[in-house]
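Step one of this worksheet: look at the structure below.
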Amino acid sequence: MADVEMGKNNADLSNNMDNSSENGMETDQEVAEAKKNEGNELYKRQAYDQAIECYSEAIGTCPMCASYYNNRAAAYMMLDKYQQALEDVQEALRLNNKLVKGYLREAKCHIALGSADAAVRSLERLADIEPSNKQAESEMRTAKLVQLHDLAAEKAFIDGDFRKVVYDMDRAIDRAPASSRFKIRRAEALAKLKRFSEAQETINGLLLRDPMNADALYVRGLCLYYQDSIEKAQQHFQQVLRLAPDHKIAITAFKKCKLLKGKKDQGNEAFKKGQFQAAYDLYTEALSIDPHNVNTNAKLYCNRATVGAKLKRLEESIQDCTSAIELDENYLKAYMRRAKCFYDTEQFEEAVRDYDKIYNMDKTRDNKRLLQDAKLELKKSKRKDYYKVLSITKAASEDEIKKAYRKHALLHHPDRHANKSVDERKQEEIKFKEVNEAYSILSDTKKRYRYDSGQDLEEMEGFSGFDPNQIFQTFFGGPGFSFGSNGGGHGFPGGSNFSSGGGGGGGFPGGFHFQFS
């Protein structure tokens, strides 16, 4: 607790005696002393506001008495009103520059307000008056420690080590609880660390006491800017510049804010008009403006991913969504866009992973359906793709399926490869069997529907144990061939066979004839 001057200051009293005391009237000084003593009693009872009123009355009666200012400063300090206390104690020292307690209080006020350099100067002046003052030595150590943390935080801020800034400012604020400068620097570092709620809590407290604090308004604008409230941020920076036209970092922030908003808005407008390449280019320009604005950049990446999908650049779209998610791991829209791109590019394992994440984030019926669809496509993708076997699309007509079967069955029939090695013949037999499997499923409307819906092949009635030779014979007519024979000419429909070296060669269905040189 700061102590007050309890006794009379003879030097002060001698300058304020009223000659009317000889007439038995109470002098101004006696009135003032009575008020001071009343204030002292209130101070002891911790009624500081009332004590301040008494000291103020004493000052009003005798404004040239240093001890009254000094005592009122002590009461202000107990209420954490360090700026008012500093003004009072400096007036006391102007009236009496030998006031030891005045220098101590001045130093304490400077420290509390974060002006450690000024505190050191006050204590040095006190040392000239009373070199061995133990309390002064203790306050000097505190002032030096605050200086150390102040300098360390300043360097850390320049280096971009914002965690260290917060650490040093916390240590400094422990000893300088009334320092707006330290609190603002700490809040700005918190904003850089994306700890916006903590930063805004500090800034809101400062602005409640000082609504016109330009630095505090700047940091609030910075928080809004990094939270993608670009328009509100721009308004804050404008207000800062009205209060402090030469506020350099606010000038830079305002220009960056204006440019970023302009590019983003132009990109959105181009997208609405269907000018997708122009929108893509504008979002790319916007992304180059400020790499530190992660929330805005996450949205810009997602916007560009949407445009990329419109331009059929799906892999680029996936990369942009990934960049957005790296900046904001809970960005649902980016997960949705990436999952759709994975699905459309048949990367079903990745699509299932994203849709599962989406459903866990937002358990809606639609998201559950999307997850189930992706799982079904993943299951289907792990089976043989009979459409690929026949080199046709999933929308192929019945005639297209027949033409594709005719082509691939003749291409891979083992008799056509009778003169190749054993291993090569086995590979062609496998391909021939797959071609017939594909045809047996896709040529049957019911089986094709069940295959497209993801049903396991083993569950399809009549699928197991099929005979590819029989399918071939049925399609082309006439006797077929049998698997497992070695070399030689297997019988083809109509008794035809392959011949090498230009000889022989029977007729294929419809007059097909193979000859190998």
Side-chain angles (χ1 to χ4, degrees), residues 1-5 39 43 46-49 51-52 55-56 66-94 97 99-127 130 133-154 165-190 201-216 219:
M1 178 184 291
D3 54 342
V4 295
E5 300 285 349
Y43 184 96
Q46 299 181 11
Y48 302 117
D49 284 316
I52 288 170
Y55 295 140
S56 296
S67 65
Y68 301 162
Y69 291 99
N70 205 25
N71 282 11
R72 191 170 68 172
Y76 275 132
M77 290 172 69
M78 298 309 296
L79 294 173
D80 295 334
K81 296 181 177 180
Y82 292 100
Q83 186 58 48
Q84 293 96 316
L86 180 62
E87 291 169 6
D88 268 359
V89 78
Q90 287 178 335
E91 179 62 18
L93 289 169
R94 187 185 68 79
N97 62 7
L99 200 59
V100 171
K101 287 185 179 179
Y103 287 112
L104 282 171
R105 285 180 187 146
E106 184 182 40
K108 286 181 178 180
C109 288
H110 280 311
I111 291 171
L113 292 165
S115 302
D117 293 347
V120 169
R121 289 193 294 271
S122 297
L123 293 167
E124 287 174 345
R125 285 194 290 268
L126 174 56
E130 195 173 296
N133 188 296
K134 298 297 182 184
Q135 193 174 356
E137 292 174 3
S138 175
E139 294 300 333
M140 182 66 83
R141 287 192 293 271
T142 300
K144 294 288 187 182
L145 191 59
V146 171
Q147 282 181 322
L148 181 66
H149 286 300
D150 189 6
L151 291 171
E154 184 177 355
V165 174
V166 173
Y167 170 82
D168 280 303
M169 287 295 91
D170 281 340
R171 304 289 83 73
I173 291 169
D174 285 343
R175 296 163 179 83
S179 175
S180 295
R181 182 169 63 89
F182 289 170
K183 290 176 181 178
I184 289 170
R185 181 187 287 167
R186 179 180 181 275
E188 187 173 358
L190 288 169
E201 183 180 356
T202 297
I203 292 303
N204 289 341
L206 289 169
L207 289 173
L208 193 63
R209 293 188 295 273
D210 182 8
M212 296 294 104
N213 188 314
D215 291 329
V219 175

Basic-acidic side-chain contact under 4.0 Å: D150, R185: yes
Shortest non-hydrogen contact from [X] to [Y]?
X    : Y    : result
A153 : V165 : O-CG2, 3.6 Å
Y68  : Y55  : O-CB, 4.2 Å
L126 : A136 : CD2-CB, 3.5 Å
E106 : L86  : CG-CD1, 3.9 Å
C109 : Y82  : SG-O, 3.8 Å
A51  : G39  : CB-O, 3.5 Å

Side chain to side chain, [X] and [Y], heavy atoms closer than 4.5 Å:
X    : Y    : value
L148 : R171 : no
Q84  : R72  : no
H110 : R121 : no
Q46  : Y48  : yes
D170 : V166 : yes
V219 : T202 : no
N97  : R125 : no
D88  : N70  : no

Euclidean distance, [Y] [atom2] relative to [X] [atom1], rounded to 0.5 Å:
X    : Y    : atom1 : atom2 : answer
M140 : L123 : CE    : CG    : 4.5 Å
S180 : R209 : OG    : CZ    : 6.5 Å
L93  : Y103 : CG    : OH    : 5.0 Å
D168 : E154 : CG    : CD    : 11.5 Å
I203 : N213 : CD1   : CG    : 7.5 Å
K81  : E87  : NZ    : CD    : 12.5 Å

D174: partners by side-chain hydrogen bond (donor to acceptor under 3.5 Å, both in side chains), with sequence neighbours left out: none
What pairs with D49 under side-chain hydrogen bond (donor to acceptor under 3.5 Å, both in side chains), at least two apart in sequence or on another chain? none
I want to check a possible cation-pi pair here: R186 against F182, using under 6.0 Å from ring centre and within 45° of the ring axis as the test. no
Any donor and acceptor pair, going by atom type alone, linking the side chain of K183 with main-chain N or O of P177 inside 3.5 Å? yes
Between S138 and K134 (side chain of the first, backbone of the second, donor and acceptor by atom type, cut-off under 3.5 Å), is there such a pair? no
If you draw a 6.0 Å radius around CD in E130, do more than 12 non-hydrogen atoms from other residues or ligands fall strictly inside? yes
Using the side-chain contact (heavy atoms from CB on, under 4.5 Å) rule, take Q135 and K108 through it: C-alpha gap first, then chi angles, then the decisive distance, then the call. CA-CA 11 Å; Q135 193 174 356; K108 286 181 178 180; 3.0 Å; yes
